[in-house]
Trainee: 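Dropping the structure in here first, questions after.
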Amino acid sequence: MKAGRVYVSRARRGLGWPEAYRLIRQAVFAALETENVDVPCEVNVLLADDKVLHELNNMHRGVDRPTDVLSFPLNELTPGAFDDALCEHDPDSGRCLLGDMALSLERCESQGKTYGHGFAHELQYLAVHSTLHLLGYDHVDEGPMKRAMRAREKLVMRKLEENS
């Protein structure tokens, strides 16, 4: 993939996990590469805690509880068939603006412990998951779309593990 940008910001100081920026960039770029996205793209990532994700989840989805990750795609893309012509582009850089994601670092830590694979794996999994949402994938039911998304997640995570 040609050079892109992953902007990472924190909802507040003191959230910890200084390695989060590097891990997220690796995950986003691995997902884009796996999906054959060969144009420069831009993704914005907000690192937050459960309180912020709870507020965002309630505001944007009407769900009154925290969640691990939220995705806000800017384009309506077809899963597995990236088309740069369907993207909104930054007028200055020309990059395809994919959208935003918000990740709960608290949830990454707790789920990493619960599932036994640790913080780094969970953070990268959620970043991959959200990037796939930005590329048009969804998992609203137990049907073929969810199976396709899970298969792509597994493929990207295998690539990340092979390269670490």
Side-chain angles (χ1 to χ4, degrees), residues 1-10 15-50 53 67-84 86-87 90 93-164:
M1 189 189 96
K2 297 177 183 174
R5 288 293 302 253
V6 176
Y7 291 100
V8 179
S9 59
R10 291 175 182 263
L15 283 173
W17 301 283
E19 72 277 19
Y21 176 76
R22 177 185 57 80
L23 294 167
I24 289 167
R25 283 181 47 84
Q26 286 174 343
V28 169
F29 287 130
L32 294 174
E33 182 181 312
T34 301
E35 289 299 302
N36 299 311
V37 176
D38 62 353
V39 299
C41 293
E42 186 173 306
V43 174
N44 296 301
V45 181
L46 174 66
L47 301 179
D49 55 20
D50 280 352
L53 269 284
T67 190
D68 49 12
V69 63
L70 290 169
S71 307
F72 303 97
L74 281 179
N75 311 287
E76 290 189 29
L77 301 173
T78 302
F82 178 79
D83 183 352
D84 183 49
L86 299 176
C87 283
D90 178 273
S93 69
R95 288 188 289 263
C96 168
L97 303 173
L98 291 179
D100 305 327
M101 68 178 79
L103 293 155
S104 169
L105 294 176
E106 280 182 286
R107 194 61 50 128
C108 286
E109 184 177 45
S110 67
Q111 289 178 176
K113 287 177 185 173
T114 298
Y115 300 134
H117 53 232
F119 172 81
H121 180 94
E122 185 67 13
L123 180 67
Q124 287 193 311
Y125 169 75
L126 293 175
V128 166
H129 178 87
S130 188
T131 302
L132 291 174
H133 275 308
L134 300 182
L135 293 172
Y137 286 87
D138 208 348
H139 53 85
V140 292
D141 59 28
E142 295 299 322
M145 284 184 67
K146 182 173 184 175
R147 287 191 296 277
M149 185 171 183
R150 295 296 182 246
R152 299 311 285 173
E153 289 169 347
K154 287 178 183 175
L155 179 61
V156 177
M157 291 305 293
R158 268 197 310 273
K159 287 184 176 187
L160 283 167
E161 290 165 9
E162 289 169 3
N163 293 330
S164 63

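Fair warning: this is a prediction, and the values are worked out from it, not measured in the lab.
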Trainee: Could you work out, with salt bridge (charged side-chain N to carboxylate O under 4.0 Å, His left out) as the rule, every residue matching Asp68, not counting sequence neighbours?
Mentor: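 By the salt bridge (charged side-chain N to carboxylate O under 4.0 Å, His left out) rule, Asp68 matches no residue at all.
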Trainee: Can you find a heavy atom in the side chain of Val28 that is under 4.5 Å from one in the side chain of Leu134?
Mentor: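 When only atoms from C-beta onward are counted, Leu134 and Val28 do not touch, as no gap falls below 4.5 Å.
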Trainee: What verdict does the salt bridge (charged side-chain N to carboxylate O under 4.0 Å, His left out) test give for Glu153 and Arg150, after you've listed the backbone C-alpha separation in whole Å, the side-chain angles of each residue and the deciding distance to 0.1 Å?
Mentor: CA-CA 5 Å; Glu153 289 169 347; Arg150 295 296 182 246; 3.1 Å; yes
Trainee: Considering only heavy atoms from C-beta outward, does the side chain of Phe119 approach that of Leu105 to under 4.5 Å?
Mentor: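 Phe119 reaches Leu105 side chain to side chain.
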Trainee: By the definition side chain to side chain contact (heavy atoms under 4.5 Å, CB included), identify the one residue from Asp38, Val37, Val39, Leu77 that meets it with Asp84.
Mentor: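 Considering Asp38, Val37, Val39, Leu77, a side chain to side chain contact (heavy atoms under 4.5 Å, CB included) with Asp84 is found only for Val39.
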Trainee: Keeping to residues at least two apart or across chains, list the salt bridge (charged side-chain N to carboxylate O under 4.0 Å, His left out) pairs with something in residues 97-122.
Mentor: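 Listed once each, the pairs are Asp50-Arg107.
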Trainee: Scan for ring-ring contact (aromatic ring centres under 6.0 Å, His included) pairs involving residues 135-164, sequence neighbours excluded, and state none if there are none.
Mentor: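 Listed by first then second residue: His129-His139, His133-His139.
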Trainee: Listed by chain and number, what are the ring pair (Phe, Tyr, Trp, His ring centres under 6.0 Å) partners of Tyr115, not counting sequence neighbours?
Mentor: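 Ring pair (Phe, Tyr, Trp, His ring centres under 6.0 Å) check on Tyr115 returns His117.
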Trainee: Out of curiosity, Ile24 CD1 to Leu103 CG, how far, rounded to the nearest 0.5 Å?
Mentor: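 Rounded to the nearest 0.5 Å, the CD1-CG separation comes to 5.0 Å.
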Trainee: Restricting to salt bridge (charged side-chain N to carboxylate O under 4.0 Å, His left out), what partner residues turn up for Lys146, sequence neighbours left out?
Mentor: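 Lys146 satisfies salt bridge (charged side-chain N to carboxylate O under 4.0 Å, His left out) with Glu142 only.
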Trainee: Residues in ring pair (Phe, Tyr, Trp, His ring centres under 6.0 Å) with Phe82, at least two apart?
Mentor: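 So Phe82 forms no ring pair (Phe, Tyr, Trp, His ring centres under 6.0 Å) with any residue.
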Trainee: With sequence neighbours excluded, give me every side chain to side chain donor-acceptor pair (under 3.5 Å) pair touching residues 23-32.
Mentor: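 Listed once each, the pairs are Gln26-Gln124.
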Trainee: Nearest 0.5 Å, please: how far is CE in Met101 from CG in Asn44?
Mentor: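 One finds 9.5 Å between CG of Asn44 and CE of Met101.
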Trainee: Mind listing the closest non-hydrogen atom pair of Leu23 and Ala120 along with its distance?
Mentor: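 The answer is CD1-CB, 3.7 Å.
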Trainee: Would you check if Leu160 and Met157 make a side-chain contact, meaning some heavy-atom pair closer than 4.5 Å?
Mentor: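 In contact.
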Trainee: Arg152: which residues meet the salt bridge (charged side-chain N to carboxylate O under 4.0 Å, His left out) condition with it, sequence neighbours left out?
Mentor: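 Once residues adjacent in sequence are excluded, the partners of Arg152 under the salt bridge (charged side-chain N to carboxylate O under 4.0 Å, His left out) criterion are Glu35.
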Trainee: Just to verify, what does Asp49 make a salt bridge (charged side-chain N to carboxylate O under 4.0 Å, His left out) with, not counting sequence neighbours?
Mentor: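 In terms of salt bridge (charged side-chain N to carboxylate O under 4.0 Å, His left out), with neighbours along the sequence ignored, Asp49 is linked to Arg12.
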Trainee: Does anything in residues 69-83 pair up under side chain to side chain donor-acceptor pair (under 3.5 Å), and if so which pairs, sequence neighbours excluded?
Mentor: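 Sorted result for residues 69-83: Ser71-Ser130.
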Trainee: Just wondering, do Glu19 and Tyr21 contact through their side chains at under 4.5 Å, heavy atoms?
Mentor: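 In short, these two side chains do not touch, never coming nearer than 4.5 Å.
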Trainee: Who are the ring pair (Phe, Tyr, Trp, His ring centres under 6.0 Å) partners of Phe72, not counting sequence neighbours?
Mentor: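 If we apply the ring pair (Phe, Tyr, Trp, His ring centres under 6.0 Å) test to Phe72, skipping adjacent residues, the hits are His60.
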Trainee: Taking only residues at least two apart or on different chains, which pairs with a member in residues 96-146 satisfy disulfide bond (SG atoms under 2.5 Å apart)?
Mentor: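 Only Cys87-Cys96 qualify under disulfide bond (SG atoms under 2.5 Å apart).
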